[in-house]
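So you know, we letter chains A, B, ... as the sequences are listed, proteins then strands, and number each from 1. All values below come from the heavy atoms of this structure, side chains included, with hydrogens, waters and symmetry mates left out.
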Protein chains: 2
Amino acid sequence: MSVTIKDIAKLANVSHTTVSRALNDSPLINQETKERIQQLAASLHYTPNYSAKSLVLDRSYNLGLFFSTLHTGTSAGFLYEAVKGVNEVIEDRYNLIVRGIDDYKSFHKINRKSYDGIIVMSQSATDQPFIDYVTEREIPLVVLNRQIEHGQVMNLIPDDQRGAYRVVEYLISQGHTNIAIIEGKENFKSTQARREGYRQAMEKHQVIVRDEYRERGNYDVESGYAAMSRLLTLKQRPTAVFCCNDEMALGAIKAINEKQLAVPGDISVVGFDDQLFSAFVTPALTTVRRPIEEISREGAAKLLTFIENKHIEKETIFIHTELVIRDSVKTIAGGV
Amino acid sequence: MSVTIKDIAKLANVSHTTVSRALNDSPLINQETKERIQQLAASLHYTPNYSAKSLVLDRSYNLGLFFSTLHTGTSAGFLYEAVKGVNEVIEDRYNLIVRGIDDYKSFHKINRKSYDGIIVMSQSATDQPFIDYVTEREIPLVVLNRQIEHGQVMNLIPDDQRGAYRVVEYLISQGHTNIAIIEGKENFKSTQARREGYRQAMEKHQVIVRDEYRERGNYDVESGYAAMSRLLTLKQRPTAVFCCNDEMALGAIKAINEKQLAVPGDISVVGFDDQLFSAFVTPALTTVRRPIEEISREGAAKLLTFIENKHIEKETIFIHTELVIRDSVKTIAGGV
DNA sequence: ATGTTCGTTGTTAACGTGTGCAGCTGTATG
DNA sequence: CATACAGCTGCACACGTTAACAACGAACAT
């Protein structure tokens, strides 16, 4: 069958202990024998039996990458960037196991023996029980993308506020002053952050925030459509609208088009998230990219040092977002 | 630390062997003791140490899902559907490990000890060396999505020919008779299959295949643009174009628009693959969906029976494709 | 009464690896 | 010259699980 350290030991006329040490580059072993054994092992195409290693070292070499769900369609880009980002970091030191949290009826197969660490790519508060479970079991954990309130967990999230600030500042730089906002679900942290970024940009550049330019949405296409429809009834319509995500921007564009108005000719629209479709809609949407891949990379790196050092500061880290300029904003008089 | 079968054995006043057998529902054990032990184990929240199980049973409980690459952007939907499809089948009996083949400089960590089975979601002939490597090592294997020539491997692929047949038949049903085709890369199996589907549909409905209506492309946007541009120079322009994938359809639409012509007003365009962007372009693209999730599900199921039964017929299975009707085809005189 | 078989349980070894401890050799130190 | 010590190697056990085999009592057949 496959070659073991005992086979190598026999061929090298040493004990399997020596082989084990040599292959692990132990300082106890004489340099010459070490190299001799390493070469022998290489020539035999030896690969360690990871089950055996796992058993004695009490490490599974498994990392879990858990998504809120794999059943609703919105997360293909998410999944892709996350898997990619994490894989870049762990190379072949770990196995990356990808699952949806909602696949589990019971979590009891999730334990420290089976996972050296866990990454939760959280898209919803519904995975809080899972996060709590993992925390209880003291499995090294990072939570990505969604901000966790009670900060007893390593948390990496996009800097929504700064992203919102930038895109609104961009609108202002293009000469807009009548800038409306369509907000997301009220109880979401992201909604607050994005609204705050909008507010700060407006204030910084001394642009007035009109009360009738603030509309509430709930992050879906329909709510964007409805909110925009309301904005279009105003005597003085806004010349630009900051939608707190791309889906609402889609709805807003639809509402505008139905009034025989053009984007960006009559009204400029920007979104947030840079969803996969955003580059392909007409007009291509100017938006803010959430750096999922970078968050995943950083998160995985943090997790690895956590696993090795057994302890690390549990902090909330904001990863910079990126303004993506496409075709949905018009430069008007006064802009650069 | 965590509870083992020996702990349970002590509490139950039996040997650890008995516990092992009881938990594995062995017929050797008396029904009463079996239940007693199972209840005890449950109340202690016992979970087996999979490393130990793996070592003695020579099974890793790992399944590998390998993609040609995770670095080029085209496969987000692929990744998503594949991960989802496979996870649906394996439940929590296996760990699904997701990787890009091109992440590996050397395959030597891939072996039968580390993987009970491997699924290759192949998007390119470049992963043939990997497939050969896995086959050599006699690791249970299925290859999905791309047809393998020398059939010594379990192979599940979309029925491209039938899909092409259907979409072309649809064009004919909408009254089109001047139907052009923009083909893909010549050496690809998929190109041949799609062209053949086109040919069959035309023949079946006695529509003439004109020689000047056959253009060659290579599956990218530019080639679609170039091919369409050539078609537009013809005295008698086609009224519909079957592009062998969605990207070329995108290029074709661009070429048409630049001539001040409209899709589908002046020329109808259909694609193939149902890429993620296809629903969002203007006009939304009528195309053929490749059932990646279903292929993954079926493939995973085949793999599992392969792993269990140690042998299975190595066959090539075609999975049905699906016509997705959107807005890029016009019904003209003579159509239904 | 003795042997046979069945049903149930325990003893022991095995899977492949890592590691504490002992042991060996040679050299430096007193 | 004896002792200490450093450098290197091997023995034996451990990790948690499964399984071949032995063992035991009871029931049954001879």
Side-chain angles (χ1 to χ4, degrees), chain A residues 1-38 40-41 44-62 93 95 108-109 111-116 308, chain B residues 1-38 40-41 44-62 93 95 108-109 111-116 308:
Chain A
M1 207 76 336
S2 50
V3 31
T4 73
I5 53 171
K6 295 193 180 178
D7 300 329
I8 300 178
K10 245 169 234 151
L11 291 174
N13 275 319
V14 293
S15 74
H16 76 277
T17 308
T18 302
V19 176
S20 171
R21 291 199 177 108
L23 295 179
N24 287 323
D25 205 27
S26 156
L28 290 178
I29 301 294
N30 176 288
Q31 190 61 27
E32 284 175 33
T33 44
K34 196 188 281 186
E35 282 168 10
R36 185 167 58 91
I37 291 173
Q38 286 171 351
L40 184 55
L44 294 175
H45 299 110
Y46 167 77
T47 34
N49 183 319
Y50 278 88
S51 302
K53 270 179 110 88
S54 295
L55 182 56
V56 58
L57 293 179
D58 198 24
R59 312 194 47 221
S60 62
Y61 298 96
N62 288 338
R93 296 154 58 199
N95 296 319
H108 89 283
K109 281 209 175 178
N111 53 53
R112 208 154 66 272
K113 299 273 186 233
S114 299
Y115 293 94
D116 288 349
E308 289 164 14
Chain B
M1 204 81 333
S2 51
V3 30
T4 73
I5 54 172
K6 295 194 179 177
D7 300 329
I8 300 178
K10 243 169 236 152
L11 290 174
N13 274 319
V14 294
S15 74
H16 71 277
T17 309
T18 303
V19 176
S20 171
R21 291 200 180 107
L23 296 179
N24 289 322
D25 205 27
S26 155
L28 291 178
I29 302 294
N30 176 290
Q31 190 61 26
E32 284 176 33
T33 44
K34 197 187 284 187
E35 282 168 9
R36 184 166 58 93
I37 291 173
Q38 286 171 350
L40 184 53
L44 293 175
H45 299 110
Y46 166 80
T47 34
N49 182 319
Y50 277 88
S51 303
K53 269 178 110 92
S54 295
L55 183 57
V56 58
L57 293 180
D58 198 26
R59 312 195 47 219
S60 63
Y61 297 96
N62 288 338
R93 296 155 56 200
N95 295 319
H108 88 284
K109 280 209 175 178
N111 53 52
R112 206 155 66 273
K113 299 274 184 228
S114 300
Y115 293 96
D116 288 350
E308 288 166 13

**Complete:** As a check of understanding: the bend across the helix from C:dA1-D:dT30 to C:dG30-D:dC1, end axes from five pairs, rounded to 10 degrees, works out to 60°
**For A:Y61, ring-ring contact (aromatic ring centres under 6.0 Å, His included) partners two or more places apart** = A:Y50
**Message:** Nearest 0.5 Å, please: how far is CG in A:L55 from NZ in A:K113?
**Reply:** 9.0 Å
**Asked** Which one of A:I37, A:N49, A:V19 satisfies the side chain to side chain contact (heavy atoms under 4.5 Å, CB included) criterion with A:I5?
**Response** A:V19
**Range on DNA chain D touched by chain B, heavy atoms, distance below 4.0 Å** = D:dG16 to D:dC21
**Item:** Reading 5' to 3' through nucleotides 12-19 of chain C, protein heavy-atom contacts under 4.0 Å coded B for base, S for sugar-phosphate only, - for none
**Value:** B--BBBBB
**Message:** Just to verify, what does B:S15 make a side-chain contact (heavy atoms from CB on, under 4.5 Å) with, not counting sequence neighbours?
**Reply:** B:T17, B:T18
Under 3.5 Å, side-chain donor or acceptor atoms of residues 21-28 of chain A against the rest of the protein: list the pairs with distances, not counting sequence neighbours.
{"residue": "A:N24", "atom": "ND2", "partner": "A:S20", "partner atom": "O", "Å": "3.2"}
{"residue": "A:D25", "atom": "OD1", "partner": "A:K34", "partner atom": "NZ", "Å": "3.3"}
{"residue": "A:S26", "atom": "OG", "partner": "A:L28", "partner atom": "N", "Å": "3.0"}

**Request:** State whether the side chain of B:S54 and the backbone N or O of B:R59 hold a donor-acceptor pair below 3.5 Å, judged by distance alone.
**Result:** yes
**Prompt:** Is a donor on one side and an acceptor on the other found under 3.5 Å between the side chain of B:N62 and the backbone of B:S114?
**Reply:** yes
**Message:** Working note: A:R93 + A:D116, criterion side chain to side chain contact (heavy atoms under 4.5 Å, CB included); need CA distance, chi angles, decisive distance, verdict.
**Reply:** CA-CA 12 Å; A:R93 296 154 58 199; A:D116 288 349; over 6 Å; no
**Asked** Which part of the nucleic acid, if any, lies within reach of B:T33 when heavy atoms closer than 4.0 Å are counted: base, sugar-phosphate only, or nothing?
**Response** sugar-phosphate
**Prompt:** How many angstroms lie between atom CG of A:N111 and atom OG1 of B:T47, to the nearest 0.5 angstrom?
**Reply:** 4.5 Å
**Request:** Check the distance between C:dT27's P and A:N30's CG and give it to me in whole angstrom.
**Result:** 14 Å
**Message:** Please report the interatomic distance OG(B:S2) to CG(A:D58), rounded to the nearest 0.5 Å.
**Reply:** 7.0 Å
